[in-house]
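Okay, structure first, notes after.
Letters A, B, ... are given to chains in the order of the sequence lines, protein chains preceding strands, and every chain is numbered from 1.
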Number of protein chains: 2
Amino acid sequence: MSLPHAILTALLEKPSSGLELTRRFDKSIGYFWSATHQQIYRELGKLEGEGLIRALPAEQPARGQKKSYEVLPAGRAELARWTAAAQDPKPLRDTLLLRLRAAAVVGTAGLEADLRRHLELHRRQLAEYEEIERRDFPPERNAPEDRLRHLVLRAGIDLETFWTQWLSHALAEFPEPPAGGETD
Amino acid sequence: MSLPHAILTALLEKPSSGLELTRRFDKSIGYFWSATHQQIYRELGKLEGEGLIRALPAEQPARGQKKSYEVLPAGRAELARWTAAAQDPKPLRDTLLLRLRAAAVVGTAGLEADLRRHLELHRRQLAEYEEIERRDFPPERNAPEDRLRHLVLRAGIDLETFWTQWLSHALAEFPEPPAGGETD
DNA sequence: ACCTGCATGTAACAGGTTACATGATTCG
DNA sequence: CGAATCATGTAACCTGTTACATGCAGGT
């Protein structure tokens, strides 16, 4: 029950068409909530049916025609309700940790290369976030309306920092020891 | 495509029935890959059909009868293959960050209480992990076959540490400022 | 006229969640 | 015998993923 609220947030920030939303879900919003265009169109239809958003009139409701949406008061109310409602944190579900645990049983052969690749990917993501921070939140301007957005970005930076450090640590004690539990 | 491999790993560590697996997915394995008993039974059926595991014979295949499974060689091979195969990290998808971004638009009313609750939950989880670390991985015994398991636990500890720190930081600059973008 | 790119969709499927159903065992 | 508990399962649904379909606009 989060995708509709992600879309409401995006549309409140700026009314958009499906494709524009898709583009924005590949960038800023997608940093913590990704979605494909198929999901977005499906959800836009639902939200419109529920009266939370409406299409801006542009005459043609035809197929290849751009169609922009804006949030209705009911949509804003629903988003505010959802934002304030108590929600339990979802338990972690991470493939890489699972693979490490599996490697303890079937052996580590071949795993190291992918760990290195992940490390490189996380380093790149971290650099990208830090670049955004430099650009959008320089130390001097600390406007209160930026605080929440900066906080979200900090979470991204800290998470990528965690992954790079943890992967470095993992790789450090990886290559040399035979690491128990081979194919027996 | 991870649940079957989580189950294979669990069964290699110790052959079990569906319910026993469910219990283990509420503890150690569930710390990074959770699953309900419905998922587990469904997946056990599939894995058996594919010849990766088999039921230990106990005469009754009846409904209320315990049924234990063990991993076949094909299952072990598949797990080794999957563990070594390259996989892209899944993009982050976090509700709390989304709610913060939404709060930047519709206002922060009511959010703070749930942030406090999350902080408390993460603190508890962190304490639990640290307790496990003290119990299972004391500094003196550093057996090589424990290394990978310890590494996985460290990831859990570091992640919970991140959340507690980030949430503390978030709450610190939260209460006082009016935080732009109220219900207008 | 044709091709490429933009834009909106449909369909089928896989994985996860929730609610419920059924049989066996144990304990009062 | 009845209730509680253990154990295995079914069914319906929701979300997310992948592959494909359709219409329009602009360039050559």
**Study point:** Contact list for residues 82-119 of chain B, test ring pair (Phe, Tyr, Trp, His ring centres under 6.0 Å), sequence neighbours left out
**Key:** B:His5-B:Trp82

Check the interface with nucleotides 3-5 of chain C: list each N/O to N/O pair with the protein under 3.5 Å, or write none.
none

Exercise for review: Decide, yes or no, whether a salt bridge links A:Asp26 with A:Arg23 under the criterion of side-chain N to carboxylate O below 4.0 Å.
Suggested key: no

Check your understanding: Rounded to the Å, how far apart are B:Leu56 CG and D:dT8 C1'?
Key -> 16 Å

**Study point:** Integer-rounded Å distance: D:dC6 C1' and B:His37 NE2
**Key:** 11 Å

**Study point:** Student check: side-chain heavy atoms of B:Leu19 and B:Tyr41 closer than 4.5 Å
**Key:** yes

Review point. Heavy atom of residues 4-24 of chain A under 4.0 Å from DNA chain C: which residues?
Key: A:Ser17, A:Gly18, A:Leu19, A:Arg23

**Study point:** Of A:Lys14, A:Arg76, A:Arg54, the residue whose pairing with A:Glu70 passes salt bridge (charged side-chain N to carboxylate O under 4.0 Å, His left out)
**Key:** A:Arg54

Study note, to complete from the structure: Between the CG atom in B:Leu47 and the CD1 atom in B:Ile40, the distance rounded to the nearest 0.5 Å is 11.0 Å

Revision key, fill the gap. Side-chain contact check for A:Tyr69: nearest option of C:dG9, D:dG16, D:dT18 is C:dG9

Point to revise | Lys/Arg-Asp/Glu bridge criterion (N-O < 4.0 Å) met for A:Arg117, B:Asp88 | key: yes

Exercise for review: Apply the test side-chain hydrogen bond (donor to acceptor under 3.5 Å, both in side chains) to residues A:Ser28 and B:Arg101: give CA-CA distance (whole Å), side-chain angles for both, the deciding distance (0.1 Å), then the verdict.
Suggested key: CA-CA 10 Å; A:Ser28 60; B:Arg101 172 110 175 204; 3.3 Å; yes

Review point. Heavy-atom distance under 4.5 Å between the side chains of A:Thr108 and A:Glu112, does that happen here?
Key: no

Check your understanding: Charged N to carboxylate O under 4.0 angstrom, B:Arg124 versus B:Glu120?
Key -> yes

**Study point:** B:Asp114/B:Arg99 ion pair, N-O < 4.0 Å
**Key:** yes

**Study point:** DNA chain D contacts among residues 84-101 of chain B, heavy-atom distance under 4.0 Å
**Key:** B:Arg93

Practice item. Please work out whether the ring planes of A:His122 and A:Trp163 are parallel, tilted or perpendicular, with thresholds of 30° and 60°. Key: parallel

Check your understanding: Do any N or O atoms from the side chain of A:Trp33 and from the backbone of B:Leu97 form a donor-acceptor pair under 3.5 angstrom?
Key -> no

**Study point:** Degree of bending in the helix from C:dA1-D:dT28 to C:dG28-D:dC1 once both end axes are built from five pairs, to 10°
**Key:** 10°

Revision key, fill the gap. CG of A:Leu44 to CD1 of A:Ile7, rounded to nearest 0.5 Å, is 5.0 Å

**Study point:** Distance in Å, B:Leu79 CG paired with B:Thr9 OG1, rounded so as to fall on 0.5 Å steps
**Key:** 4.0 Å

Check your understanding: Near DNA chain C, which residues from residues 38-49 of chain B have a heavy atom under 4.0 Å away?
Key -> B:Gln38, B:Gln39, B:Arg42, B:Lys46

Practice item. Could you check how far CZ of A:Phe25 sits from C1' of D:dT17, rounded to whole Å? Key: 16 Å

**Study point:** Which atom of B:Tyr31 lies closest to which atom of B:Gln125, heavy atoms considered
**Key:** CE2-NE2, 3.9 Å

